[in-house]
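Here the structure is laid out as structure tokens; the discussion comes afterwards.
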2 protein chains.
Amino acid sequence: MPKSKRLLEMMMTVNRKRKFTVKELADEFGVSGRTILRDLQELSELGVPLYSEVGPHGGYHVLKERILPPIAFSEEEAVAIFFAIQALRHHSSLPFKTESSSALNKFYQFMPPDIRERIDQMKRRVDFVTPKRQASSPHLSILLDAAIHQKVLGITYESRGQQSKRDIQPIGIYTKNGLWYSPAYCYQYQDFRVFRCDRIHSAEQSAAKPLDLRDIHLENRQIKTGVDQDTVHLFAELTTEGVQACEAEHWLASMLHVRQDGSGWLEGNVARSDILYFVKFLIGLGKEVTVQHSPEILDGIKAYLAELISMYAGMRR
Amino acid sequence: MPKSKRLLEMMMTVNRKRKFTVKELADEFGVSGRTILRDLQELSELGVPLYSEVGPHGGYHVLKERILPPIAFSEEEAVAIFFAIQALRHHSSLPFKTESSSALNKFYQFMPPDIRERIDQMKRRVDFVTPKRQASSPHLSILLDAAIHQKVLGITYESRGQQSKRDIQPIGIYTKNGLWYSPAYCYQYQDFRVFRCDRIHSAEQSAAKPLDLRDIHLENRQIKTGVDQDTVHLFAELTTEGVQACEAEHWLASMLHVRQDGSGWLEGNVARSDILYFVKFLIGLGKEVTVQHSPEILDGIKAYLAELISMYAGMRR
DNA sequence: TTTGATTATGACAATTCCTGTCACTATTAT
DNA sequence: ATAATAGTGACAGGAATTGTCATAATCAAA
């Protein structure tokens, strides 16, 4: 293999295995150790952050910085990526430790000048606004880690002005409108709840034995939750605008069906305990939804509407 | 210069000048044209999308795909970038032509397997939700282009259900809560206005002479709009839960006031044209809100509730 | 039509550079 | 101590790279 190709491949190999010895590479590439040493020095000069230790169990490391091989991005893609990263900056809390600005700088640095110029022109003309909240969510990393590795957390949670202790097992986190939320199984309620992350005042790993929720994640959680519960069947017709409103609600994804023309319907099972929640939500959709089933839900809606009417009727204008 | 370094440098040179001839490069690198030809063929084999034309005015092109030189990103940075791009996908319209999913795929493709694995684990556990509210905004590119290059656009704009023709000179675009907006100078009003991009039904370059707004951009426009709009006063008492629900709606931030005990109230001016929107929203809050003012809003609520009631009453269970 | 600019390809000798080997040294875990 | 590891320098042989020349093909413009 010619050297130029070997170097490129070595770049990737070295990034795959982050720890390796000279001999390993020598065998893999079919060249002598001396050559590998020379190559590694060249990679080093090219900016690959290598670090070596002598002695048994020694060898080469790639420092935490990894080299991305040359990627072919179109101009449009590069610009899009730039603004994607820039949009991230607006979030006051993120589940990653990084300051995304460092990634942004590097990316910008490496752009060819003409793309840089294009970005400069656009920078002050395009923005992705995420409302800045005072509320920061310091426990995102822990929550995410618990969701990935199936751990139970003991948290102190503030709801309705009161602090309470809970044991929860998160299934993920998401941000919406500048706030972070974590759907999780709550051991106190013995059911799934959504927690607002800025209301979580402390979070620690708990010794409790976790459930197996590996198959439950953000996209399918609504399906799984109610399997063994007492449920009623929901069927509701949606106008185009109703569909759009529902699309913004993550937890409805599994119930939402969309037709070609933009309209659609909601169909699925609702836990009896959630009926009131659904009732309120469906009322919020106003005339964009026509609930056809089940009777329980319809009754709930009518009852709630009646209460509202009487509440507003009693009010002087 | 050894070949391996020359190739890497050539990769970048070739991306800088997107059009070049063999002789140019030969001079620049101090090697013969024959060598350059051989090198270019190698670059081609390495994936750089080169295209050549013979004859006078011929030469080499790089196709729109550009090669990004190897960049050193830390693991955290790489993960952050991945999710930044993924978050972009939620936007129904973007001012770039790209499908951001192609960028996402490439990026993912080139990640070392261990980072890929980490991303896989996180993919279904983290989400950046952008509400998909309304119809898409097809004219973003034109608006952005006009903002950058100081052009005047003739648009047809829908406001309060009526279409009107306007000449505007955009100073930028931004997205907030799933909708795109463009602050612009409106020649009809002779003042700055913010336009909702999905309400812009057509946009064409106009021959009108543009103003010099180069120094006005998203960050420094203080010149605000809407002070002179026709508004009504809203005052509504909120329960603790009502407060929490409102906190999730960032567009309410300026109206929302919270008491120590967690309850609060909404107070502020609402444009007449927005009353219906507020009515629907307030109904969605159910009993967590007590609207006390203004009469127009209360009437709106009662009317809408009455419609809902009759809609559901007409339904057989 | 001719001319000149351009890419494209092949052959070959000159030469550069790359590579392996060997002989060392230094460090460190066991 | 011993073995495993990195690191350096020198050198000869071999492999890859390079320049030159010859030759084609294409195309724009004079």
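Numbered from 1 within each chain, the chains take letters A, B, ... in sequence-line order.
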Q. Between B/Y157 and B/F195, how do the two ring planes meet: parallel, tilted or perpendicular, split at 30° and 60°?
A.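 Judged by the thresholds at 30° and 60°, the geometry between B/Y157 and B/F195 is perpendicular.
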Would you indicate, yes or no, if [N] has its OP1 or OP2 atom less than 4.0 angstrom from a side-chain nitrogen or oxygen of [X]?
X: B/T21; N: C/dT6; answer: no
X: B/T35; N: D/dG19; answer: yes
X: A/R6; N: C/dT19; answer: yes

(Q) Any base atoms under 4.0 Å from B/G58, or only sugar-phosphate, or nothing? Heavy atoms, all strands. (A)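 Counting heavy atoms under 4.0 Å across all strands, no contact is made by B/G58.
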**Q.** Residues B/E204, B/K151; criterion salt bridge (charged side-chain N to carboxylate O under 4.0 Å, His left out); working and verdict
**A.** CA-CA 10 Å; B/E204 281 176 352; B/K151 293 176 186 165; over 6 Å; no
Q. Within a reach of under 6.0 Å around CD of B/Q150, are more than 12 heavy atoms found that belong to other residues, nucleotides or ligands?
A.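 Count over threshold, so yes.
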Q. Is atom CD of A/E28 surrounded by more than 12 heavy atoms (other residues, nucleotides or ligands) closer than 6.0 Å?
A.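 Check passes, neighbour count above 12.
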Report, one pair per line, the protein and nucleotides 13-15 of chain C atoms (nitrogen or oxygen only) whose separation is under 3.5 Å.
none

Give the rounded distance in Å between these two atoms: [atom1] of [X] and [atom2] of [N].
X: A/K3; N: D/dA16; atom1: NZ; atom2: C1'; value: 12 Å
X: B/E42; N: D/dT17; atom1: CD; atom2: P; value: 7 Å
X: A/K23; N: D/dA4; atom1: NZ; atom2: P; value: 10 Å
X: B/K5; N: C/dT16; atom1: NZ; atom2: C1'; value: 15 Å
X: A/L7; N: C/dC17; atom1: CG; atom2: P; value: 15 Å

Q: Would you mind telling me which residue lines up with the more 5' stretch of DNA chain D, A/S52 or A/R38, judged by nearest nucleotide?
A: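 By nearest-heavy-atom nucleotide position, the 5'-most residue is A/S52.
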Please write out the pairs of protein N or O atoms and N or O atoms of nucleotides 23-30 of chain C separated by less than 3.5 Å, giving the distance to one decimal.
none

Q) Using the C1' atoms of the five pairs at each end, what is the angle between the end axes of the helix from C/dT1-D/dA30 to C/dT30-D/dA1, to 10°? A)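 Computed from the C1' atoms at both ends, the axes differ by 40°.
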Q) Does A/F128 have any ring pair (Phe, Tyr, Trp, His ring centres under 6.0 Å) partners at least two apart in sequence or in another chain, and if so, which? A)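 A/F128 satisfies ring pair (Phe, Tyr, Trp, His ring centres under 6.0 Å) with B/H91, B/W180 once adjacent residues are dropped.
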Q.
Less than 6.0 angstrom from the centroid, inside 45 degrees of the normal: does B/K123 satisfy that with respect to the ring of B/F82?
A.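 The answer is no, since B/K123 fails at least one limit relative to B/F82.
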Q: Using the six-membered ring of A/Y108, assess whether NZ or CZ of A/R116 lies under 6.0 Å from its centre and within 45 degrees of the ring axis.
A: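 Yes, cation above the ring, under 6.0 Å and within 45°.
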Q. Going by atom types only, do B/Y185 and B/D167 share a side-chain donor-acceptor pair under 3.5 Å?
A.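 No, no side-chain donor-acceptor contact under 3.5 Å.
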Q) Counting only non-hydrogen atoms, which of residues 8-19 of chain A are less than 4.0 Å from DNA chain C? A)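 Residues of residues 8-19 of chain A under 4.0 Å from DNA chain C: none.
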Q | Whether A/S93 side chain and A/S137 backbone form a donor-acceptor pair below 3.5 Å | A |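 At least one qualifying donor-acceptor pair exists.
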**Q.** Set of salt bridge (Lys or Arg N to Asp or Glu O under 4.0 Å) partners for B/R6, sequence neighbours left out
**A.**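 Testing B/R6 for salt bridge (Lys or Arg N to Asp or Glu O under 4.0 Å), a comparison that skips the adjacent residues, returns B/D39.
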